[in-house]
Amino acid sequence: MVLYIPSSTWQQLPVLLATYETRTLTLVLASACNCHPIPHSSLFLLFIFIYINKQAQCIISKKLREFFLFLTDQAMAMRTKLSLAIFFFFLLALFSNLAFGKCKETEVEEEDPELVTCKHQCQQPQQYTEGDKRVCLQRCDRYHRMKQEREKQIQEETREKKEEESREREEEQQEQHEEQDENPYIFEEDKDFETRVETEGGRIRVLKKFTEKSKLLQGIENFRLAILEARAHTFVSPRHFDSEVVFFNIKGRAVLGLVSESETEKITLEPGDMIHIPAGTPLYIVNRDENDKLFLAMLHIPVSVSTPGKFEEFFGPGGRDPESVLSAFSWNVLQAALQTPKGKLEKLFDQQNEGSIFAISREQVRALAPTKKSSWWPFGGESKPQFNIFSKRPTISNGYGRLTEVGPDDDEKSWLQRLNLMLTFTNITQRSMSTIHYNSHATKIALVIDGRGHLQISCPHMSSRSSHSKHDKSSPSYHRISSDLKPGMVFVVPPGHPFVTIASNKENLLMICFEVNARDNKKFTFAGKDNIVSSLDNVAKELAFNYPSEMVNGVFDRKESFFFPFELPREERGRRADA
């Protein structure tokens with residue numbers, strides 16, 4: 001039996017496949033060929049039709065699973081002598097052609113309901129002649145192309161809009177990042193310190209890694225600054241660090257116990273005392289004052305090469321809090337090493353639970369105080385810190401300020417030489433300022449310990465972020481980094497960066513500074529006695545400024561050295577310092 005399908009049905013078959021469910025399509029086809037159900041010969045020709053008809057393939061691909069189930073049901077229902085091998089051969093050929101046929105454009109076209117409807121209406125014989133049908137179909141195609149172009153334009157505009165929104169978000173994030181980095185060298189006490197230890201007796205706060213603030217500070221990534229605060233009559237438990245430590249006693253009176261192989265050396269610390277503690281040295285601290293807190297600044301220089309910029313503290317004596325490092329070892333190891341039964345060891349390491357900083361009695365403070373002078377550990381000398389920077393003779397001093405320096409060049413055999421470190425103390429009188437100056441080699445890490453003031457730094461690294469105008473110059477532009485200063489703040493000044501510090505009108509500004517890479521460091525000034533501009537020969541001066549040297553000297557020459565009164569010229573008085 002030959003399958004007969006009217007021509008109108010053949011033409012409408014793609015539309016039927018696209019718009020009707022498979023079961024409905026089955027009924028239509030069955031009705032068209034006047035067969036109930038479709039015999040195997042009709043089914044065979046239907047396979048052939050779909051196999052050679054690309055348009056039908058593309059539409060059927062969307063209903064592939066349903067169509068497969070439909071064909072399977074028909075195959076199971078019919079009584080046929082057609083071998084299953086031939087049936088599955090044609091089935092395989094159909095699915096292979098559907099899978100690999102190049103019908104993307106046809107699929108897109110025929111899936112457009114408007115185009116399908118338009119062409120369907122054009123094919124109505126009662127409404128159009130053959131010429132009208134061709135014109136109608138051309139209009140449908142032209143409309144479809146225009147629609148595709150509009151959709152493509154809309155997609156392009158949408159893509160461009162999303163890209164623009166993405167760029168705006170990135171720029172906004174970059175601006176926020178730049179705002180955070182607007183002062184990459186300034187560290188606030190309440191923002192940039194993290195509390196590592198806190199008990200009722202006190203706390204230890206550690207400044208974040210310098211590179212977390214800005215990548216511009218990679219040169220001092222391995223240095224960490226910490227502040228110890230301890231209440232009156234408190235004990236800071238014994239510990240050792242995997243870092244070299246420089247202690248500076250900001251305020252209060254302390255006893256520092258340093259443990260050697262055979263004894264504990266006790267050292268009293270007064271405000272201004274500085275002392276170096278080698279890595280691994282066990283120590284404890286006592287605040288021996290009955291009323292005042294103890295404030296110690298600690299500059300850590302980690303010795304571990306595997307974790308730069310990271311230091312750890314290790315508690316030997318301890319219990320549950322602080323936990324002893326010995327708790328990590330097995331009981332068998334501890335019993336063998338200490339020759340003590342496990343029961344006694346458990347009792348010993350279960351007693352302490354007051355934290356690493358806790359209050360002690362007056363009698364215990366007295367018992368921990370030095371009772372006599374003895375040799376300084378581990379070499380000879382008196383039990384005292386290396387030096388007191390408050391009482392040391394200043395390097396520069398006048399009525400407007402005082403600068404005291406102790407550096408590696410003072411004693412070639414000192415620990416400062418080995419650490420390549422300089423310690424300085426600056427006291428700027430109220431309503432006074434330092435000169436504008438810079439270090440040749442050293443990076444300054446400054447801690448404000450008292451008073452208030454103002455800081456300005458000239459930085460070339462920030463100029464590209466702050467300047468939105470393009471200009472042709474043979475030199476970089478410079479950005480002013482400025483901040484008000486108050487106790488507890490830290491600021492960093494890289495070498496070569498000119499800066500100035502100014503005391504407030506009501507109080508002196510006091511700062512201690514750890515200057516890293518200080519060997520052979522020199523200070524160069526732009527104002528005051530012996531500044532670098534005045535030291536230029538006159539011809540070079542005139543060439544540099546394109547201005548007469550006498551006029552330049554009149555601007556830069558000044559009799560004071562390093563510290564001056566902060567006074568604006570008479571015609572400029574009343575303006576702000578940062579204007």
S.K.: Measuring only between side-chain heavy atoms, which start at C-beta, is Tyr185 closer than 4.5 Å to Leu455?
M.R.: no
S.K.: Within the structure provided, determine whether His497 and Pro460 are in side-chain contact (heavy-atom separation under 4.5 Å).
M.R.: yes
S.K.: Going by heavy atoms in the side chains, are Ser434 and Val500 under 4.5 Å from each other?
M.R.: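 Of all side-chain heavy-atom pairs linking Val500 with Ser434, at least one is under 4.5 Å.
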S.K.: What I want to find out is whether Lys486 reaches Glu189 closely enough, with some N-O distance under 4.0 Å, to be called a salt bridge.
M.R.: no
S.K.: Quick one about Ser534 and Asp557 (side-chain donor to acceptor, distance below 3.5 Å, no hydrogens or angles considered), yes or no?
M.R.: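 A pair is found: one side chain offers a donor N or O, the other an acceptor, under 3.5 Å apart.
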S.K.: Mind listing the closest non-hydrogen atom pair of Glu560 and Pro565 along with its distance?
M.R.: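 So the minimum-distance heavy-atom pair works out to OE2-CD, 4.3 Å.
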S.K.: So do the side chains of Leu421 and Leu299 get within less than 4.5 Å of each other, counting heavy atoms only?
M.R.: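 Yes - at least one pair of side-chain heavy atoms lies under 4.5 Å apart.
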S.K.: How close do Ile277 and Thr281 get, heavy atom to heavy atom, and via which atoms?
M.R.: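 That would be CG2-CB, 3.8 Å.
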S.K.: Could you check whether atom CD of Glu200 has more than 12 heavy atoms from other residues, nucleotides or ligands sitting under 6.0 Å from it?
M.R.: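 Counting neighbours around CD of Glu200, 12 or fewer heavy atoms of other residues, nucleotides or ligands fall under 6.0 Å, so no.
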S.K.: Looking only at heavy atoms, which two atoms of Thr501 and Met511 are closest? And how far apart?
M.R.: OG1-CE, 4.0 Å
S.K.: Quick one: are Arg288 and Leu368 in side-chain contact, heavy atoms under 4.5 Å?
M.R.: no
S.K.: Less than 3.5 Å apart, any donor N or O on the side chain of Asn388 or Glu270 sitting next to an acceptor on the other?
M.R.: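 No, Glu270 and Asn388 have no side-chain donor paired with an acceptor closer than 3.5 Å.
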S.K.: Which label fits Phe425 and Phe390: parallel for a plane angle under 30°, tilted from 30 to 60°, or perpendicular past 60°?
M.R.: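 Geometry flag for Phe390 against Phe425: tilted rings.
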S.K.: Looking at CG of Leu423 and CZ of Phe514, how far apart are the two atoms once the value is rounded to the nearest 0.5 Å?
M.R.: 6.5 Å
S.K.: To the nearest 0.5 Å, how far apart are NZ in Lys293 and CG in Asn287?
M.R.: 10.5 Å
S.K.: Is the side chain of Asp484 donor-acceptor paired with the backbone N or O of Arg452 at a distance under 3.5 Å, no angle test?
M.R.: no
S.K.: Relative to each other, are the rings of Phe524 and Tyr438 parallel, tilted or perpendicular (30° and 60° limits)?
M.R.: parallel
S.K.: Ignoring hydrogens and geometry, is there a side-chain-to-backbone donor-acceptor pair from Ser324 to Gly319 under 3.5 Å?
M.R.: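 Looks like no, no N/O pair under 3.5 Å.
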S.K.: Could you list the donor-acceptor pairs under 3.5 angstrom formed between side-chain atoms of residues 251-259 and any protein atom two or more places apart in sequence or on another chain?
M.R.:
unit_1: Arg253; atom_1: NE; unit_2: Asp289; atom_2: OD2; d: 3.4

S.K.: Can any side-chain N or O of Asn517 pair as donor or acceptor with the backbone N or O of Ala442 at less than 3.5 Å?
M.R.: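 Here the side-chain-to-backbone pair does not exist.
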S.K.: Between Tyr400 and Asn398, what is the shortest heavy-atom contact and its length?
M.R.: N-OD1, 2.8 Å
S.K.: To the closest 0.5 Å, what do you measure between CG (Asn183) and OG (Ser482)?
M.R.: 6.5 Å
S.K.: Examine distances only and state if a side-chain atom of Asn531 and a backbone atom of Thr525 form a donor-acceptor pair shorter than 3.5 Å.
M.R.: no
S.K.: Applying salt bridge (charged side-chain N to carboxylate O under 4.0 Å, His left out), run through Glu313 and Arg196 and close with a yes or a no.
M.R.: CA-CA 11 Å; Glu313 55 186 358; Arg196 179 170 290 192; 5.6 Å; no
S.K.: Using salt bridge (charged side-chain N to carboxylate O under 4.0 Å, His left out), reason through Lys209 and Glu221 one step at a time and then give a plain yes or no.
M.R.: CA-CA 7 Å; Lys209 288 182 66 173; Glu221 180 181 18; 3.5 Å; yes
S.K.: Restricting to non-hydrogen atoms, name the atom on Val325 and the atom on Gly316 that form the minimum distance, rounded to 0.1 Å.
M.R.: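 Result for this residue pair: CG2-CA, 4.1 Å.
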S.K.: Is there a side-chain contact between Asn439 and Lys523 (heavy atoms, below 4.5 Å)?
M.R.: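 Side chain of Asn439 against side chain of Lys523, heavy atoms only: contact under 4.5 Å found.
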S.K.: Does a sphere of radius 6.0 Å around CZ in Arg205 hold more than 12 heavy atoms from other residues, nucleotides or ligands, not counting ones at 6.0 Å or beyond?
M.R.: yes
S.K.: Below 6.0 angstrom between ring centroids: does that apply to Phe235 and Tyr284?
M.R.: yes
S.K.: Which atom names give the shortest non-hydrogen contact between Leu509 and Gly453, and what distance separates them?
M.R.: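 Shortest heavy-atom contact: CD1-N, 4.1 Å.
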S.K.: Spell out, as yes or no, whether a donor-acceptor pair under 3.5 Å connects the side chain of Ser483 to the backbone of Ile186.
M.R.: no
S.K.: Can you check side-chain contact (heavy atoms from CB on, under 4.5 Å) on Leu225 and Phe223, steps first, answer last?
M.R.: CA-CA 7 Å; Leu225 183 65; Phe223 293 82; over 6 Å; no
S.K.: Under 4.5 Å between any side-chain heavy atoms of Leu536 and Val552, yes or no?
M.R.: no
S.K.: Give a yes or no on whether the backbone of Arg203 and the side-chain of Glu198 come within a donor-acceptor separation of less than 3.5 Å.
M.R.: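 Checking the backbone N and O of Arg203 against the side chain of Glu198, no donor-acceptor pair under 3.5 Å is found.
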S.K.: Carefully, step by step, assess Arg558 and Lys529 under the rule side-chain contact (heavy atoms from CB on, under 4.5 Å).
M.R.: CA-CA 6 Å; Arg558 189 164 185 170; Lys529 188 178 180 180; over 6 Å; no
S.K.: Mind checking the CD1-CD1 spacing from Ile220 to Ile445? Nearest 0.5 Å is all I need.
M.R.: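 Here the rounded value is 4.0 Å.
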S.K.: For the side chain to side chain donor-acceptor pair (under 3.5 Å) test, which of Lys310, Arg224, His300 pairs with Ser243?
M.R.: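 Exactly one option meets the side chain to side chain donor-acceptor pair (under 3.5 Å) with Ser243, and it is His300.
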S.K.: Examine the side chains of Asp273 and Asn249 and answer whether a donor and an acceptor come within less than 3.5 Å of each other.
M.R.: no
S.K.: Taking the side chain as every heavy atom from C-beta outward, state whether Met422 and Leu416 have any pair of such atoms under 4.5 Å apart.
M.R.: no
S.K.: Can you tell me if Ser458 uses its side chain to pair, donor with acceptor, with the backbone of Tyr478 under 3.5 Å?
M.R.: no
S.K.: Looking at Arg519 and Gln417, would you say the former's side chain and the latter's main chain have a donor-acceptor pair under 3.5 Å?
M.R.: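 Side chain of Arg519 to backbone of Gln417: a pair is present.
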S.K.: Identify which one of Phe562, Phe526, Phe564, Phe563 satisfies the ring pair (Phe, Tyr, Trp, His ring centres under 6.0 Å) criterion when paired with His437.
M.R.: Phe562
S.K.: Are Gln456 and Ile436 close enough, and set up right, to give a side-chain contact (heavy atoms from CB on, under 4.5 Å), and what steps lead you there?
M.R.: CA-CA 9 Å; Gln456 291 187 10; Ile436 303 173; over 6 Å; no
S.K.: For the residue pair Phe545 and Phe556, categorise the inter-ring angle as parallel (less than 30°), tilted (30 to 60°) or perpendicular (more than 60°).
M.R.: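 Rings of Phe545 and Phe556: tilted, 30 to 60°.
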S.K.: Can any side-chain N or O of Asp192 pair as donor or acceptor with the backbone N or O of Leu207 at less than 3.5 Å?
M.R.: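 Flag not set: sc Asp192 to bb Leu207 has no pair under 3.5 Å.
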S.K.: So how far is it from Ile250 CD1 to Asp450 CG, rounded to the nearest 0.5 Å?
M.R.: 10.5 Å
S.K.: Could you tell me whether a side-chain N or O of Ser214 sits under 3.5 Å from a main-chain N or O of Leu217, the two making a donor and an acceptor?
M.R.: no
S.K.: Could you go through the side-chain contact (heavy atoms from CB on, under 4.5 Å) check for Leu419 and His276 one step at a time?
M.R.: CA-CA 10 Å; Leu419 298 177; His276 165 243; 3.9 Å; yes
S.K.: Report, one line per pair, each donor and acceptor closer than 3.5 Å where one atom sits in a side chain of residues 351-359; sequence neighbours left out.
M.R.:
unit_1: Gln351; atom_1: NE2; unit_2: Lys347; atom_2: O; d: 3.0
unit_1: Gln352; atom_1: OE1; unit_2: Glu354; atom_2: N; d: 2.9

S.K.: What's the separation between atom CD in Glu229 and atom OG1 in Thr195, rounded to the nearest 0.5 Å?
M.R.: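 One gets 8.5 Å once the value is rounded to the nearest 0.5 Å.
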S.K.: Could you check whether Phe193 and Phe187 have their ring centres less than 6.0 Å apart?
M.R.: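 No, ring centres 6.0 Å or more apart.
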